[in-house]
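Note on naming: letters A, B, ... go to the chains in the order of the sequence lines (proteins, then strands), and numbering restarts at 1 for each one. Since the model is a prediction, treat every value here as computed from it, not as a measurement. Every heavy atom of this structure was used, including side-chain atoms; hydrogens, water molecules and symmetry mates were not.
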2 protein chains.
Amino acid sequence: MARKAVGLTQQQLGMRLGMDPNTASARMNQYEKGKHTPDYQTMKRVAVELGVPVAYFYCEDDLLAEIMCAVAKRSKEEQQELLASLTKA
Amino acid sequence: MARKAVGLTQQQLGMRLGMDPNTASARMNQYEKGKHTPDYQTMKRVAVELGVPVAYFYCEDDLLAEIMCAVAKRSKEEQQELLASLTKA
DNA sequence: AAGTGTACTAAGGATAACTTAGTTTTCAAG
DNA sequence: CTTGAAAACTAAGTTATCCTTAGTACACTT
């Protein structure tokens, strides 16, 4: 979903991460289909490329993932306020 | 730091994750020292054992990590409301 | 100084990822 | 509908990484 939102093919995304064009397609597909797991450095580059916090990919449920994306877009000040309101009540 | 806060040795934590007692010490040490990286299933069990969402370990900055912990403790209904308020304005 | 518990490490066997070489699916144009 | 090309996807072998073994090093108490 995050990849398509940016309008990239699996191969294109892989190439932007620095993968060999010959292997980018297979590798990215294996990741998306859950056949294999990328290492953390690769995951971080994916996050940067797609404009989401890397933790997005490790969220258990979609709701928490969406919230995190929304929170990450806010300023540090707004995040501080949010944290305060969450820990208070 | 998180492990010691709970008062567990490397071996004890590993055993609580379901590791063989004979290998728990070496494996956990390799993870903590950064020699090797645990797979995602193991990481999830660590999260459960330490009482944080697994994405917590993948947060780039501490503020986002804290917010996520606080959000994860709220009900699904409250999370829905939060997401709505974040995506609205 | 010795004993005990904890932390840590090298090396080889076990396991999972990466590369290769494709096939299958999707979808727009004719 | 059929074709063609782009995109998605996959099996199998090679390569890279982790897990296990076996043990050493460190910290702390007696």
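Residue A:Thr9 holds its OG1 atom at 11.0 Å from NZ of A:Lys4, rounded to the nearest 0.5 Å. The CD atom of B:Gln80 lies 15.0 Å from the CZ atom of B:Arg74; values are rounded to the nearest 0.5 Å. Interatomic distance, B:Leu13 CG to B:Arg27 CZ, rounded to the nearest 0.5 Å: 11.0 Å.
Between B:Arg3 and B:Glu32 the shortest side-chain heavy-atom distance falls below 4.5 Å.
A:Gln30 comes within contact range of at least one nucleobase, with a heavy-atom separation under 4.0 Å.
OP1 or OP2 of D:dT20 lies within a sub-4.0 Å distance of a side-chain N or O belonging to B:Arg27.
Between the side chain of B:Gln79 and the backbone N or O of B:Val71, at least one donor-acceptor pair lies under 3.5 Å.
Looking at which nucleotide of DNA chain D each of B:Asp20 and B:Lys35 is closest to, the 5′-most match is held by B:Lys35.
In this structure, A:Tyr56 has its ring center no closer than 6.0 Å to that of B:Tyr58.
For the pair B:Met43 and B:Pro38, the tightest heavy-atom approach, listed with the atom from each and the gap, is SD-CG, 3.7 Å.
Direction change of the helix axis from one end of the helix from C:dA1-D:dT30 to C:dG30-D:dC1 to the other is 40°, with five pairs defining each end axis (rounded to 10°).
Of the residues in residues 37-46 of chain A, not one comes within less than 4.0 Å of DNA chain D through any heavy atom.
Interface limits on DNA chain C: the 5'-most and 3'-most nucleotides within less than 4.0 Å of chain B heavy atoms are C:dT6 to C:dA10.
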